[in-house]
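It should be emphasised that the depicted structure is a prediction, and the values quoted were computed from it without experimental measurement.
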Amino acid sequence: MVSLKAGSRPPWVGLGAAVWLQIASGNAYTFPLYSHSLKSVLGFNQHQLTILGVANDVGENVGLLPGIASNKFPPWLVLLIGGVACFLGYGVLWLAVSGTVLSMPYWLLWAALCVATNSSAWLSTAVLVTNMRNFPLSRGTVAGILKGYGGLSAAVFTEVYSVLLRNSSSKLLLFLAVGIPVLCFVLMYLVRPCTPASGEDSAEHGHFLFIQAASIVLGLYMLATTILDDVLSLSAPLANAIVLIMIVLLMAPLVIPVKMTLYPARATIPGTLNQKVGSSDGLIQEDNADKTEPLLMPSSSSTNLGSFNESDNISEVDMLLAEGEGAVKRKRRPKRGEDFKFSQAIIKADFWLLFSVYFVGVGSGVTVINNLAQIGIAQGLHDTTILLSLFSFCNFVGRLGGGIVSEHFVRSKAIPRTVWMTYTQIIMIVAYLLFASAIGGTLYAAIALLGTCYGVQFSIMIPTVSELFGLKHFGIFYNFMSLGNPLGALLFSGLLAGYVYDNEAAKQQALDISGLSASCLGPNCFRLTFLVLAAVCGIGTMLTIILTYRIRPVYQMLYAGGSFRLPQSENH
């Protein structure tokens, strides 16, 4: 780990590079852009397509291996594995859609889609874990920024697909198979772990505000240009100029390290983050964090212990002296806010409550994403690129806004972040009822509401799990929580939405659901699905209220001073 001074450039260079990699990690959101080609070229029905959608979500969110790898290997290696997975998986899909290989078996396509989108887990884990550890005092803000850019990835890929690739599914798959691995190889050495500086840098808040403002400008630009391209037929030079401006806006976070180079701070504060920050102690001395708990102030017994943290060769007399004076304590179970092992966390009720709440929020939302094209067509909208771009922009707003708002209130009033999950799941109930009603003109409003609330779930879950269970094993916790996404896709999209859709299509066209591909028109195609999702979010709302009530004392303890700090052991 690189030892740095406060205000140094490497963490900010890594954050700027992480923005690009986080965009790349959103490649799973491109499924609606080429799903129609899978259905038409390969002759799949809607049920088969939704099962492929499940593969898309399984690959994207089953990240236990990346979580474990992030604790054992450097970020560049984790990113390298993600790039290779992207090349192999999307390469196979391109061979099928382009017709280069005919009659490819369904199971191979399912597996290839899993491998392709599993690159998302490797990329996202590498950049998120590294940057959360590099900026532990601003974990909510960092999570909101990175997941916000991840939410914009669908709009970025839509822009590339519609403007640069001219709505060609085969070209898009080739772009994903080659472009993302190249990006990983170019940027993987810039994302590296750095020992957090002692105290907060006075300029850090302004830097974060700049990145947030730049991401908002990018989001508005993406939405405007997508609508413009849909309304007007853009010439090739103008289309290329639009993509070029998008690339420039994506480079905005790198302005910060450039500014730090041209205008270096006059004074820096050397050192590393002490234990008051929280889990960062476990990042620096991972091997011994479970054996001892050094307090903030050294005692006389610390001298007797000598190199206790580096060696187990210590006399029982010195150990007893150290315990008596409070310099060292015997191994004990961690309290909420400290570093947990995975085996210690999964027996906690708070862990499963958070998992259940997240499962409801993202599992129901991903059902809409996977069926977005069919939902639009069922309601009479044949060009669904605007729907995807609108969802992407609102998803970005939810992710960025969730991080900003929750960070403000947790620091000023110690309000648990999960309060905002409660509010957003109530709004999701309204959105699903709007979808079910299919009232004219409400489709865009429902998409906007759902996209915003869906994004909030991400930006709230990430810092919450780190605050309750620590940063030391954060990669594993984060990826386990992410399993809520494919589980929701399997239950709500694969088993529910696809079955209901095909049944209604069969009624309309008098076709057997296992026969030829059929399109369904009208509100009944998804009405039952949306009513079920609304009821599920009602249950999720009650669970978030219970979770918030349980963890409120923890947040009052962690943020009593207005910033995150580890609770002192003697208080337990």
(request) Side-chain contact test, heavy atoms from C-beta onward, threshold under 4.5 Å: evaluate it for Leu146 versus Leu15 and give yes or no. (result) yes
(message) Ring centres under 6.0 Å, that's the criterion: do Phe480 and Phe342 meet it?
(response) yes
(request) Report the residues that fulfil side-chain contact (heavy atoms from CB on, under 4.5 Å) with Leu174, sequence neighbours left out, ordered by chain and then residue number. (result) Trp94, Val178
(request) Please list all pairs passing the salt bridge (Lys or Arg N to Asp or Glu O under 4.0 Å) test where one or both residues lie in residues 66-92, with sequence neighbours left out. (result) none
(message) Apply side chain to side chain contact (heavy atoms under 4.5 Å, CB included) to residues Val410 and Leu558 and explain how you reach the verdict.
(response) CA-CA 10 Å; Val410 79; Leu558 295 177; over 6 Å; no
(message) Between Ile462 and Phe474, does the side chain to side chain contact (heavy atoms under 4.5 Å, CB included) criterion hold? Intermediate values first, please.
(response) CA-CA 9 Å; Ile462 293 169; Phe474 169 73; 3.5 Å; yes
(request) Tell me, please, which residues at least two apart from Thr261 pass side-chain hydrogen bond (donor to acceptor under 3.5 Å, both in side chains). (result) Arg9
(request) Just jot down the side-chain hydrogen bond (donor to acceptor under 3.5 Å, both in side chains) partners of Ser406, sequence neighbours excluded, or say none. (result) Arg417
(request) Classify the ring geometry between Phe351 and Phe469 as parallel (under 30°), tilted (30 to 60°) or perpendicular (over 60°). (result) perpendicular
(request) Mark yes or no for whether Thr117, through its side chain, and Asn56, through its backbone, hold a donor-acceptor pair below 3.5 Å. (result) yes
(request) With ring-ring contact (aromatic ring centres under 6.0 Å, His included) as the test, would you mind laying out the steps for Trp12 and Phe208 before giving the verdict? (result) CA-CA 10 Å; Trp12 294 100; Phe208 283 132; 5.1 Å; yes
Output side-chain donor-acceptor pairs under 3.5 Å for residues 209-221, partner residues at least two apart or in another chain, one line each.
residue	atom	partner	partner atom	Å
Ser215	OG	Ile211	O	3.4
Ser215	OG	Gln212	O	2.6
Tyr221	OH	Ile242	O	2.7

(message) Do Phe340 and Leu468 make a side-chain contact, defined as non-hydrogen atoms from C-beta onward lying under 4.5 Å apart?
(response) no
(request) Run the numbers on Phe175 and Leu165 for side chain to side chain contact (heavy atoms under 4.5 Å, CB included), then give the verdict. (result) CA-CA 9 Å; Phe175 174 82; Leu165 303 180; 4.1 Å; yes
(message) If we ignore hydrogens and angles and just use 3.5 Å, is the side chain of Thr418 paired with the main-chain N or O of Met421 as donor and acceptor?
(response) no
(request) Could you tell me whether a side-chain N or O of Trp20 sits under 3.5 Å from a main-chain N or O of Leu187, the two making a donor and an acceptor? (result) no
(request) Can you tell me which residue pairs pass the side-chain hydrogen bond (donor to acceptor under 3.5 Å, both in side chains) test with a partner in residues 351-361, sequence neighbours excluded? (result) none
(request) Give a yes or no on whether the backbone of Val357 and the side-chain of Gln425 come within a donor-acceptor separation of less than 3.5 Å. (result) yes
(request) With sequence neighbours left out, write down each residue that passes side-chain contact (heavy atoms from CB on, under 4.5 Å) with Ala121, or none if nothing qualifies. (result) Pro66, Asn118, Asn479
(request) Ignoring hydrogens and angles, state whether a donor on the side chain of Asp339 or His473 is under 3.5 Å from an acceptor on the partner side chain. (result) no
(message) If the condition is side-chain contact (heavy atoms from CB on, under 4.5 Å), which residues does Ala116 pass it with, not counting sequence neighbours?
(response) Tyr90
(message) Just checking Tyr423: does its OH atom have more than 12 heavy atoms from other residues, nucleotides or ligands closer to it than 6.0 angstrom?
(response) no
(message) Taking Trp122's backbone N and O only, do any of them form a donor-acceptor pair with Thr125's side chain (distance below 3.5 Å, no angle check)?
(response) no
(request) Could you check if a side-chain atom of Asn27 sits within less than 4.5 angstrom of a side-chain atom of Ser120, using non-hydrogen atoms only? (result) yes
(message) Could you check whether any side-chain N or O of Arg552 sits under 3.5 Å from a backbone N or O of Leu547, counting only pairs where one atom can act as donor and the other as acceptor?
(response) no
(message) As an exercise, state the distance from OH of Tyr555 to OG1 of Thr548, rounded to the nearest 0.5 Å.
(response) 9.0 Å
(message) Taking atom CZ as the centre, does Phe355 end up with more than 12 heavy-atom neighbours from other residues, nucleotides or ligands that are less than 6.0 angstrom away?
(response) yes
(message) Please find the pair of heavy atoms, one from Leu471 and one from Met132, that lie closest to each other, and give the distance.
(response) CD1-O, 3.9 Å
(request) For residues Arg399 and Gly455, report the shortest heavy-atom separation together with the two atoms involved. (result) CG-O, 3.2 Å
(request) Sequence neighbours left out, what pairs pass ring pair (Phe, Tyr, Trp, His ring centres under 6.0 Å) with at least one residue falling in residues 394-416? (result) Phe409-Trp420
(request) Could you walk me through whether Ile180 and Phe87 pass the side chain to side chain contact (heavy atoms under 4.5 Å, CB included) test, one step at a time? (result) CA-CA 8 Å; Ile180 293 179; Phe87 173 75; over 6 Å; no
(request) Supply the atom-to-atom distance Arg133 CZ to Cys194 SG, rounded to the nearest 0.5 angstrom. (result) 12.5 Å
(message) Under a plain distance cut-off of 3.5 Å, with no hydrogens placed, do Ser138 and Glu204 share a side-chain donor-acceptor pair?
(response) yes
(message) I'd like to know if the side chain of Asn134 reaches the main chain of Arg192, judged simply by a donor and an acceptor atom lying under 3.5 Å from each other, with no hydrogens or angles considered.
(response) yes
(message) How close do Leu390 and Ala448 get, counting heavy atoms only, and between which atoms?
(response) CD2-N, 4.4 Å
(request) Search all heavy atoms of Leu254 against all heavy atoms of Gly16 and return the closest pair with its distance. (result) CD2-CA, 3.8 Å
(request) Mind listing the closest non-hydrogen atom pair of Leu33 and Tyr161 along with its distance? (result) O-OH, 3.4 Å
(message) If the condition is side-chain hydrogen bond (donor to acceptor under 3.5 Å, both in side chains), which residues does Ser169 pass it with, not counting sequence neighbours?
(response) Ser37
(request) For Gln22 and Ser25, test the side chains for any donor-to-acceptor distance below 3.5 angstrom and give the result as yes or no. (result) yes
(request) Enter the distance from Lys341:NZ to Phe477:CZ here, rounded to the nearest 0.5 Å. (result) 11.0 Å
(message) Tell me every residue that passes side-chain hydrogen bond (donor to acceptor under 3.5 Å, both in side chains) with Ser459, counting only those two or more places apart in sequence or in another chain.
(response) none
(message) So which atom in Ala126 and which in Leu79 form the shortest heavy-atom distance, rounded to 0.1 Å?
(response) CB-CD2, 3.7 Å
(request) Drop me the distance from Glu159's CD to Ile247's CD1, to the nearest 0.5 angstrom. (result) 10.5 Å
(request) Measure from the side-chain N and O atoms of Asn131 to the backbone N and O of Val127, and report whether any donor-acceptor pair falls under 3.5 Å. (result) yes
(request) With sequence neighbours excluded, tell me which residues meet side-chain contact (heavy atoms from CB on, under 4.5 Å) with Val366. (result) Asp57, Asn370, Tyr454, Asn485, Ala489
